[in-house]
Amino acid sequence: MSEHPRIPRDATDTGAGEALRRLLVEPTISIPDAARLLGIGRSTVYAAVKSGELPAIRVGHRVRIPSKWIREALRVDDEPDIGAR
């Protein structure tokens, strides 16, 4: 049986659960998902992107956040422990 990844404390509502699922399977996540997972507001995420504090990928008018960066910032394991029981 594989272990589940550590879930951030604020990830208890359904939206955050879906955001966590996307974080683990998609290469980038949306601003609203990043805000839910980080426990901050969308405008704060946009401000962090603008200041360069948060990496982002811009495609047209869309802004996406690299999932790997969020996983590392939250220390979310995306790989199961091979030796864990």
Side-chain angles (χ1 to χ4, degrees):
M1 197 178 289
S2 67
E3 286 188 25
H4 297 285
R6 289 186 299 260
I7 299 174
R9 288 192 181 137
D10 293 343
T12 55
D13 66 77
T14 305
E18 278 300 305
L20 180 60
R21 183 194 64 75
R22 287 188 289 273
L23 177 71
L24 295 174
V25 299
E26 296 181 10
T28 62
I29 60 172
S30 67
I31 294 287
D33 281 351
R36 280 186 199 100
L37 292 165
L38 294 170
I40 58 178
R42 290 180 322 163
S43 60
T44 304
V45 175
Y46 279 111
V49 166
K50 185 176 181 179
S51 73
E53 186 176 0
L54 188 65
I57 299 167
R58 291 178 177 86
V59 179
H61 292 288
R62 301 192 79 184
V63 179
R64 303 288 291 181
I65 307 299
S67 297
K68 183 177 180 177
W69 190 94
I70 299 289
R71 286 192 306 266
E72 289 173 358
L74 296 176
R75 295 187 175 119
V76 173
D77 293 332
D78 59 346
E79 299 289 328
D81 290 335
I82 303 297
R85 291 185 179 221

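Closest heavy-atom contact between Pro55 and Pro66: O-CD, 3.4 Å. Contact between Ser67 and Arg22 at its shortest, heavy atoms only, is OG-O, 4.3 Å.
Of the possible donor and acceptor atoms, one in the side chain of Arg71 sits under 3.5 Å from a partner among the backbone N and O of Leu23.
Cluster membership check: Ile57 does not share its hydrophobic cluster with Ile31, using side-chain heavy-atom separations under 4.5 Å among Ile, Leu, Val, Met, Phe, Trp and Tyr.
Rounded to the nearest 0.5 Å, atoms NZ (Lys50) and OG (Ser43) are 12.5 Å apart. Rounding to the nearest 0.5 angstrom, the gap separating the CD1 atom in Ile29 from the CD1 atom in Ile70 is 4.5 Å.
A side-chain hydrogen bond (donor to acceptor under 3.5 Å, both in side chains) with Thr28 is found for exactly one of Lys68, Arg64, Arg62, namely Arg64.
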Derivation and outcome, side-chain contact (heavy atoms from CB on, under 4.5 Å), residues Thr44 and Leu38: CA-CA 10 Å; Thr44 304; Leu38 294 170; over 6 Å; no
Worked verdict on Ile65 versus Val49 for side-chain contact (heavy atoms from CB on, under 4.5 Å): CA-CA 9 Å; Ile65 307 299; Val49 166; 3.7 Å; yes
